[in-house]
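The structure appears right after this line, and notes come after that.
Read the numbers this way: they start at 1 and go in the same order the structure lists the ligands and their atoms. Position 1 is the first residue of the sequence; numbering continues from there.
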Amino acid sequence: MTATSAHPAASTGASGVPLTTTANNLPAGPADYGFTDAVAEHFAAHPQPGGTGAGRIVRVDRNLVLVAAHNMILHLPYPGSGELPATGDWVWLGSTAAGEPAIAGILPRHSELSRKRAFEASSESQVLAANVDIVGIVVPVDRPLTHNRLERTLVAAWDSGASPLVIITKADLADLADDVVGTVMRQAGGVAVVTTSAEQGDGLDELLGHLPPGGTLVLLGPSGSGKSTLINALAGIEVQETGAVRAGDGKGKHTTTSRELVPLPGGAVLTDTPGVRGFGLFDADGGMTEMFGDLEELFRQCRFSDCAHGREPGCAVQAALLDGSLDDRRWASYLKLQRELAALARRHDAAARRAYAREWHQKISAGGKSQRAAERDSHEAAANHGAKGGGRKGRGRPKGGAGGPADRAAEC
Ligand SMILES: Nc1nc2c(ncn2[C@@H]2O[C@H](COP(=O)(O)OP(=O)(O)OP(=O)(O)O)[C@@H](O)[C@H]2O)c(=O)[nH]1
Ligand SMILES: [Zn+2]
């Protein structure tokens, strides 16, 4: 089965989305997907012209988004303008001129989990999930931990605005578990760690206990780490296809490819993510401070304020490494992360320079064309005299477009 079959039948036929309100006159929304009183207040604080209903983005597909509204699921087109929707976004629903339901606007996010697009040189980030409360970092006991993976993911988690929670899975594989749990506890740097076995139902209540009412949990973990099995165990039904299911029918292993909100009993919501390969760090400065705050404390104790923590006299870092109070591996992780962030910043600068140069080329060539374009347009306008409307209304103008001639050049 596929994850989508967990949803009630999608409907797109309704004309518009009727506004249902609660007793205190706040909009009603999809309670199963984390719509609480606090979220209703968030809607009330951010009214939207034409917004008649409250919804949450359950999944983002290539052409359509799946939206949970009060008592219904809708397949809707992307909003005509503004920011791209992300799974977990709260949206105002309204209707098109033709009376079809549509997304009228996206509400401000309280957290945003993003990553650099895998396998792309550009520094653009991709929002994996919005309005997340807890980022669950899944660490299976049956795999050796790759150096740095936990710390890197923790940095990204802190940076999202949500709180991280380390979730150890497959703890029933007992001969392996003890070792891994100890290592993970040390690496987690004070972040809460829960140990679970989806197979045996252990640790699930403790895990749910970390979620606020109606809270949204996102699981991050490599392929095969047990995310789908955990979702199924938490949801109490088979909503995600697992490795074991496909292995049985000989059709090869299925890897979850969509990021989709799944309702849990108790109003909690959970998102699955595809195997996080090469989780790129993006703008993780805030996360670095959270994760390595103790090191920054150490830096302040170095004799020189610009200490490079190499061979300088009076270096507190070197002293801590010598007396063992600072772990060698942890220090190596910090240095590696610093190098990665610096490299990312350099790539980002290079990408920004290229974009700037491109924009200039466009402007210059658009300027050269503008006279000819204006002449051609006036001929066309004369020829089409009487024809109504350009039909361009509502179509997004390229970001940062300088107007008139540049826009026209971009259309050519
Ligand atoms: N022993 C044991 N095996 C488990 C447990 N949870 C998951 N597994 C097994 O681990 C394998 C991978 O589990 P999945 O849930 O498919 O992993 P996933 O993280 O969703 O993988 P992707 O969909 O590829 O991202 C399957 O064979 C599961 O049966 C557990 O608690 N105990
Ligand atoms: Zn130093």
Side-chain angles (χ1 to χ4, degrees), residues 1-4 6 115 118 128-129 135-143 145 149 153 166-177 180-181 194-207 217-235 237-260 262 270-279 292 294-323 325-326 331 334-335 338:
M1 73 181 274
T2 62
T4 37
R115 72 167 168 191
L128 289 172
V135 175
I137 299 161
V138 177
V139 182
V141 300
D142 59 348
R143 303 229 185 138
L145 289 166
R149 191 178 75 75
T153 319
V166 178
I167 303 170
I168 295 176
T169 53
K170 313 190 195 183
D172 53 285
L173 304 172
D175 44 333
L176 300 158
V180 176
V181 173
V194 292
T195 306
T196 65
S197 163
E199 210 101 299
Q200 311 210 323
D202 292 338
L204 303 181
D205 288 340
E206 192 193 340
L207 168 50
L217 166 74
V218 166
L219 297 182
L220 292 182
S223 181
S225 58
K227 300 183 298 292
S228 308
T229 310
L230 190 59
I231 292 174
N232 288 339
L234 290 169
I237 45 163
E238 182 98 343
V239 290
Q240 298 275 317
E241 209 169 326
T242 64
V245 172
R246 295 304 293 264
D249 68 13
K251 286 189 181 154
K253 195 180 170 321
H254 164 83
T255 297
T256 313
T257 51
S258 62
R259 290 180 284 279
E260 172 157 338
V262 175
L270 175 148
T271 295
D272 182 40
T273 65
V276 179
R277 236 185 311 171
F279 195 101
F292 293 105
D294 56 330
L295 291 182
E296 281 164 20
E297 198 58 41
L298 260 185
F299 300 161
R300 279 194 279 278
Q301 296 166 26
C302 293
R303 186 179 304 163
F304 302 109
S305 61
D306 62 346
C307 182
H309 320 302
R311 296 212 170 83
E312 288 85 349
C315 173
V317 172
Q318 292 305 325
L321 285 170
L322 259 182
D323 71 18
S325 58
L326 172 60
W331 178 239
Y334 174 82
L335 292 178
Q338 288 287 15

Check step by step if side chain to side chain contact (heavy atoms under 4.5 Å, CB included) holds for V262 and L234. CA-CA 10 Å; V262 175; L234 290 169; over 6 Å; no

Under 2.8 Å from the Zn ion (ligand 2), which protein N, O or S atoms are there? Could you list them by chain and number? C302 SG, C307 SG, H309 ND1, C315 SG

Starting at CG of L207, measure out to CD1 of I168 and round the result to the nearest 0.5 Å. 12.0 Å

Taking every heavy atom of K170 against every heavy atom of P140, the minimum-distance pair comes out as CE-CB, 4.2 Å

Of all the atoms in ligand 1, which lie at a distance below 4.0 Å from a heavy atom belonging to K227? 15 (O), 17 (O), 18 (P), 19 (O), 20 (O), 25 (O)

Without swapping roles, check the side chain of T196 against the backbone of D202 for a donor-acceptor pair under 3.5 Å. no

In Å, rounded to the nearest 0.5 Å, how long is the span from CG of L321 to SG of C315? 8.0 Å

Roughly how far, to the nearest 0.5 Å, is the CG atom of L326 from the OH atom of Y334? 11.5 Å

In this structure, NZ of K227 is separated from CG of L219 (nearest 0.5 Å) by 8.0 Å

Should D142 and T169 count as side-chain neighbours, where that means a heavy-atom distance under 4.5 Å? no

Quick one: closest heavy-atom pair of I167 and G136, and the distance? CD1-CA, 3.7 Å

Considering both backbone and side-chain atoms of G226, is one of its nitrogen or oxygen atoms within less than 3.5 Å of a nitrogen or oxygen in ligand 1? yes

Between V138, T169, D172, flag the one that comes closest to atom 30 (C) of ligand 1 by a heavy atom. D172

Show me which atoms of ligand 1 lie under 4.0 Å from any heavy atom of S197. 31 (O)

Can you find an N or O of A198 that's nearer than 3.5 Å to an N or O of ligand 1? yes

The option among L230, L173, T229, I231 carrying the non-hydrogen atom nearest to atom 15 (O) of ligand 1 is T229

